[in-house]
Amino acid sequence: MAATTRVSSPAHYSTTSPIYAPPPKRVGTHNGSFHCDEALGCFMIRLTNKFSNAEIVRSRDPQVLEGLDAVLDVGGVYDPSRDRYDHHQKGFEEVFGHGFSTKLSSAGLVYKHFGTEIIAKELQVDEEHPDVRRLYLAIYKSFMEAIDAVDNGINRYDTDKPPRYVNNTHLSSRVGRLNLDWIDPDQSPEKENEAFHRAMALAGSEFLDSVRFHAKSWLPARSIVMDCLSARFDIDPSGEIMILNRFCPWKLHLFELEQELKSNPTVKYVLYQDDRSKQWRIQAVSVSPDSFESRKPLPAQWRGLRDDELSNLSGIGGCVFIHMSGFIGGNKSYEGALAMAKRALLL
């Protein structure tokens, strides 16, 4: 027998009443143990105009599922024209595209077909706005792809070696822990549905947090880095020094923009003002986002020196320090930091 949970119960009126509200759409997923993908998928699809505040029906009964307006993660059918979004059937190999090759889960399928609408509504812009596409791709990369990979059992690394440690703190694990424990005395469908509702809320809140972070923080930072990268040849003819006119998270944006723009040469040093000390920093860019190795570390003969000793050796006034690894240094002024960067390129 199908177990049903009503997420919302809007008022209904007859079609002859002055005010008429059509009955809510019904979205199905399976009952029993749940995972992050269908919890998130159900949350996301209810953010769309078509399925706004839809009733969630949890069942594996084919006859029940057949009569529903949409079905996620059960039923053995992927057919967006009928709003069927399962990924367990033989031969299913759907991916997000845009350079991503991870097989989709039910959440990924919902995001693929409705993500731009959801993001546009959150940003309060048209779906065709260029920021919507940027966020659509960025949120899949930073948030959604991991949900798809975990649900489909895809390892992060190409290795047969066991992991060095267990990580049960990611979103999929936390959603999984909301399932009823085997020792709970009440294993009723009602309790199971209550737990699924909590799972939807948890996964959905983190999804919206990601959307809002990308809209309010990630996107403005990307614009700043883009402008600074475009102006790098005005700073130095080499094009290998970039000045951040306003500090922001820049590292990942720089790598992605250089790749998109096929920048040549790549930036070796980024200069920015420290908000607290008001001094200037010169930071060597790493060879990749996750690497501690720099593309061009600051000169070995400067490393570990400070203040007058560093200024005397370099011949540049106002020097503050160079880290022992050569990945970062400082100067009291912008002019001094720029002189350090230009000199470092030649050493």
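- Side chain of Arg303 to backbone of Ile322: no donor-acceptor contact under 3.5 angstrom is found.
- Annotation: side chain of Ser105 is not in contact with side chain of His35 (no heavy-atom distance under 4.5 Å).
- In Gln259, the CD atom is not crowded: 12 or fewer heavy atoms of neighbouring residues, nucleotides or ligands sit closer than 6.0 Å.
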Kindly indicate, with the supporting measurements, whether the criterion side-chain contact (heavy atoms from CB on, under 4.5 Å) is fulfilled by Asp236 and Arg232. CA-CA 7 Å; Asp236 186 74; Arg232 68 192 185 282; over 6 Å; no

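- In the displayed structure, Arg246 atom CZ is contacted under 6.0 Å by at most 12 heavy atoms of other residues, nucleotides or ligands.
- Atoms CD1 and CG, on Ile119 and Leu135 in that order, are 5.5 Å from each other to the nearest 0.5 Å.
- Heavy-atom neighbours of Gln301 CD from other residues, nucleotides or ligands within 6.0 Å: above the threshold of 12.
- Counting heavy-atom neighbours within 6.0 Å of Arg295 CZ, excluding the residue itself, gives a total above 12.
- Ion pairing between Glu117 and Lys50 fails under the 4.0 Å rule for side-chain N and carboxylate O.
- In this structure, Asp69 contributes its side chain and Val27 its backbone to no donor-acceptor pair below 3.5 Å.
- Within a 6.0 Å sphere centred on NZ of Lys103, heavy atoms belonging to other residues, nucleotides or ligands number more than 12.
- Residue-environment remark: CD (Gln63) stays at or below the threshold of 12 foreign heavy atoms within 6.0 Å.
- Side-chain atoms of Ser205 come within 3.5 Å of backbone N or O of Ala201 as a donor-acceptor pair.
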For salt bridge (Lys or Arg N to Asp or Glu O under 4.0 Å), just list the numbers for Arg222 and Glu256, CA-CA rounded to whole Å, side-chain angles, deciding distance to a tenth of an Å, and then say yes or no.
CA-CA 10 Å; Arg222 184 185 189 278; Glu256 291 180 347; 5.6 Å; no

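- No more than 12 heavy atoms of other residues, nucleotides or ligands sit less than 6.0 Å from atom NZ of Lys216.
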Show your reasoning for whether side-chain hydrogen bond (donor to acceptor under 3.5 Å, both in side chains) applies to Thr266 and Lys268. CA-CA 6 Å; Thr266 56; Lys268 304 303 185 295; 3.3 Å; yes

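- No more than 12 heavy atoms of other residues, nucleotides or ligands sit less than 6.0 Å from atom NZ of Lys141.
- Side-chain atoms of Glu145 and Thr102 form a donor-acceptor pair, as typed in the model, at a separation below 3.5 Å.
- Although no hydrogens or angles enter the test, the distance criterion places no donor-acceptor pair under 3.5 Å between the side chain of Asp184 and the main chain of Asp186.
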